[in-house]
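Bear in mind the structure is a predicted one, so any value in this text is a computation, not a measurement. Just so you know, these numbers use all the heavy atoms, side chains as well, and skip hydrogens, waters and symmetry mates.
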Amino acid sequence: MSDDEPKPGSAEDQGPVTITPALADRLAEKREELFEEFGIRDEFPSEVLREAEARTEGVYEEIEAEIDEREDLRDLTTWTTDPVDAQDFDDAISIEREDGAYRLWVHIADVTHYVTPDTAMWEEAVERANTVYLPDYTIHMLPPVLAETVCSLVPNEDRLAHTVEMEIDEETLSFEDIDIYKSVINSDERLTYKECENRLDDPDLPLSEENQLAFELADRMHEQRKEDGSLVLNPRRDRAHTIIEESMLKANKAVTHTLMWDRGVEAMYRVHPQPTPDQWNEALKEIQELDGVSIPGKAWGDDPRKAVNAALEESPERQLNKIQRAVLKVMPRAKYMNDPFGGHHALNFDIYGHFTSPIRRLSDTINHWIVHENDVPETLVELCDHASDKQKDGETAERLYKQFLQEQGLDPYAVNNRGVEVVEDADEAKHTA
């Protein structure tokens, strides 16, 4: 999922942005220019596509053969929640309330069952390192023919998954127990964010009770993170996003804590250095000077992350982007490392890494392999450096493409969320949202 996920209803309630053929050609030329500049591979080699096609054959027989070797969770109530235009569903959740605890399952597509180190698909995924999201144009890490079929946790079909099962204390929200294993699941429903919001509002709809329980837990985890000093740059996200974001953060944290503390192994940890005190002061001063924005007095002497959170929560809507930019300007880039030393400053986690998006991130794919095989690649340090560099390249290409869209009179947010339609009549071309 891109960082520019559509707001619930945006893509569902409005039509595409219309553009002329000439503008469509200019956009294509700009994409090609960026792909060449940053070494982004748009087309998949034929060998990779052949392998991917072959792995989509005999799916049901293969899953049936796997069941005895996995946890059979097909009777567990499970569902996915994604943007309305999502093409692949790589994570699903289940939740139950127990005596004194919540039990949360996060099910992740078992990519490494299909993409293994001895395949051309693996080599191509390593080279790409991540999926690149441009507005209305996606460059995939894995071939869509695989990612959008057998690796996608579509509803009412058996799928192979990697499950993180967590028993979470009802009072402290700490882990009482963590179990990570391979499973077979069968998702009950695919929800969009808007549909999830409807489930939360209407108790008569299917999965309403489950989503209400999931939000109860997610909202509490979100508030606890803020109290602990986690930076929350998107304070006004809707409930559906909160459920997914907090569930995935909890699962990622569970996996990397298990890898570090229980196994003591190297993995692709996510390390985020902190700004210097002077840099933080610079950011806070810039925020304080914004019209209509004030950092509460009690927050000034506290953790600067809490000061930013307080400013974001109490600021006018029009100033949110400026506050975010002031912070991001002084924030060092997060990077992948084989050792978690230093922790993740923005999240305020002592150990963190990625596990929940193996379809779109190499780090998650590698960590899936390490968890299941207990086998750390010899080239792990190089893989960490490469993934960090490719992520930077992808984000830079995305920023430059959005800038180009604006220069052409297009709203990148509208293009990303609603898509584009080419129309011959220039009078019908509406370049803005």
Asker: State, yes or no, whether a side-chain contact exists between Ile185 and Arg74 at a heavy-atom distance under 4.5 Å.
Answerer: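 The answer is no; the side chains never approach within 4.5 Å.
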Asker: Less than 3.5 Å apart, any donor N or O on the side chain of Arg31 or Tyr401 sitting next to an acceptor on the other?
Answerer: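 Per modelled atom types, Arg31 and Tyr401 side chains form a pair under 3.5 Å.
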Asker: Return the minimal non-hydrogen interatomic distance between Leu312 and Leu233, and the atom names on each side.
Answerer: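 In terms of heavy atoms, the two residues are closest at CD1-CA, 3.8 Å.
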Asker: Looking only at non-hydrogen atoms, find the nearest pair between Cys196 and Asn211 and report the distance.
Answerer: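 Cys196 and Asn211 have their closest heavy atoms at SG-OD1, 3.3 Å.
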Asker: Is the shortest distance from a Lys or Arg side-chain nitrogen in Glu398 or Lys402 to a carboxylate oxygen in the other one below 4.0 Å?
Answerer: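 Salt bridge present between Glu398 and Lys402.
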Asker: Indicate the atoms forming the closest heavy-atom contact of Val293 with Ser315, along with that distance.
Answerer: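 Closest heavy-atom pair between Val293 and Ser315: CG2-CB, 3.8 Å.
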Asker: Can you confirm whether Val232 sits close enough to His222 that some side-chain heavy atom of one is under 4.5 Å from a side-chain heavy atom of the other?
Answerer: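 Side chain of Val232 against side chain of His222, heavy atoms only: contact under 4.5 Å found.
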Asker: Show your working on salt bridge (Lys or Arg N to Asp or Glu O under 4.0 Å) between Arg190 and Glu195 and close with a plain yes or no.
Answerer: CA-CA 9 Å; Arg190 172 271 201 270; Glu195 288 169 342; 5.5 Å; no
Asker: Between the side chains of Glu127 and His386, does any donor sit under 3.5 Å from an acceptor?
Answerer: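 Side chains of Glu127 and His386: no pair found under 3.5 Å.
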Asker: Are His257 and Tyr352 close enough that their ring centres sit under 6.0 Å apart?
Answerer: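 No, the ring of His257 stays outside the 6.0 Å limit from the ring of Tyr352, centre to centre.
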Asker: So Arg361 and Asp364, salt bridge (Lys or Arg N to Asp or Glu O under 4.0 Å) or not? Walk me through it.
Answerer: CA-CA 6 Å; Arg361 284 190 305 230; Asp364 308 53; 2.8 Å; yes
Asker: Would Glu223 and Lys226 count as a salt bridge (Lys or Arg N to Asp or Glu O under 4.0 Å) if you check the C-alpha gap in whole Å, the side-chain angles of each, and the deciding distance to 0.1 Å?
Answerer: CA-CA 5 Å; Glu223 292 303 317; Lys226 285 198 299 184; 3.4 Å; yes
Asker: Which pair of non-hydrogen atoms, one from Arg305 and one from Ala346, has the smallest distance, and what is that distance?
Answerer: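 Reported closest heavy-atom pair: CD-O, 4.3 Å.
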Asker: Would Glu157 and Arg159 count as a salt bridge (Lys or Arg N to Asp or Glu O under 4.0 Å) if you check the C-alpha gap in whole Å, the side-chain angles of each, and the deciding distance to 0.1 Å?
Answerer: CA-CA 6 Å; Glu157 290 193 27; Arg159 284 292 183 262; 3.3 Å; yes
Asker: Quick one: side chains of residues 140-155, donor-acceptor pairs under 3.5 Å with protein atoms, not counting sequence neighbours, listed by atom name and distance.
Answerer:
residue: Thr149; atom: OG1; partner: Val145; partner atom: O; Å: 2.6
residue: Thr149; atom: OG1; partner: Leu146; partner atom: O; Å: 3.2
residue: Ser152; atom: OG; partner: Phe89; partner atom: N; Å: 3.0

Asker: Heavy atoms, side chains only, cut-off 4.5 Å: are Ile243 and Thr81 in contact?
Answerer: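 No - every pair of side-chain heavy atoms lies 4.5 Å or more apart.
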Asker: Ignoring hydrogens, what is the shortest heavy-atom contact between Asp88 and Asp82? Give both atom names and the distance.
Answerer: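 In terms of heavy atoms, the two residues are closest at O-OD1, 4.5 Å.
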Asker: So, Arg128 and Glu124, do they make that salt bridge, N to O below 4.0 Å?
Answerer: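 Salt bridge between Arg128 and Glu124, a charged N being under 4.0 Å from a carboxylate O: yes.
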Asker: Looking at Asp202, I'd like to know if its CG atom is crowded, meaning that more than 12 non-hydrogen atoms belonging to other residues, nucleotides or ligands lie closer than 6.0 Å.
Answerer: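 Count over threshold, so yes.
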Asker: Tell me which donor-acceptor pairs under 3.5 Å the side chains of residues 94-101 have, and how far apart each pair is, sequence neighbours excluded?
Answerer:
residue: Ser94; atom: OG; partner: Thr77; partner atom: O; Å: 2.9
residue: Ser94; atom: OG; partner: Thr78; partner atom: OG1; Å: 2.7
residue: Ser94; atom: OG; partner: His107; partner atom: NE2; Å: 2.9
residue: Arg97; atom: NH1; partner: Glu170; partner atom: OE2; Å: 3.1
residue: Arg97; atom: NH1; partner: Glu216; partner atom: OE2; Å: 3.4
residue: Arg97; atom: NH2; partner: Glu216; partner atom: OE1; Å: 2.9
residue: Arg97; atom: NH2; partner: Glu216; partner atom: OE2; Å: 2.8
residue: Glu98; atom: OE1; partner: Arg103; partner atom: NE; Å: 3.4
residue: Glu98; atom: OE1; partner: Arg103; partner atom: NH2; Å: 3.3
residue: Glu98; atom: OE2; partner: Arg103; partner atom: NE; Å: 2.5

Asker: State which residue, out of Phe355, Trp105, Tyr181, fulfils the ring pair (Phe, Tyr, Trp, His ring centres under 6.0 Å) condition with His162.
Answerer: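 So the option named by the test is Phe355.
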Asker: Could you give the distance from CG (Asp188) to CD (Glu210), rounded to the nearest 0.5 Å?
Answerer: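 These two atoms lie 8.5 Å from each other.
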Asker: To check you understand the geometry: which heavy-atom pair defines the closest contact between Ser187 and Thr80, and what is its length?
Answerer: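 Distance-wise, the nearest heavy atoms are OG-N, 3.9 Å.
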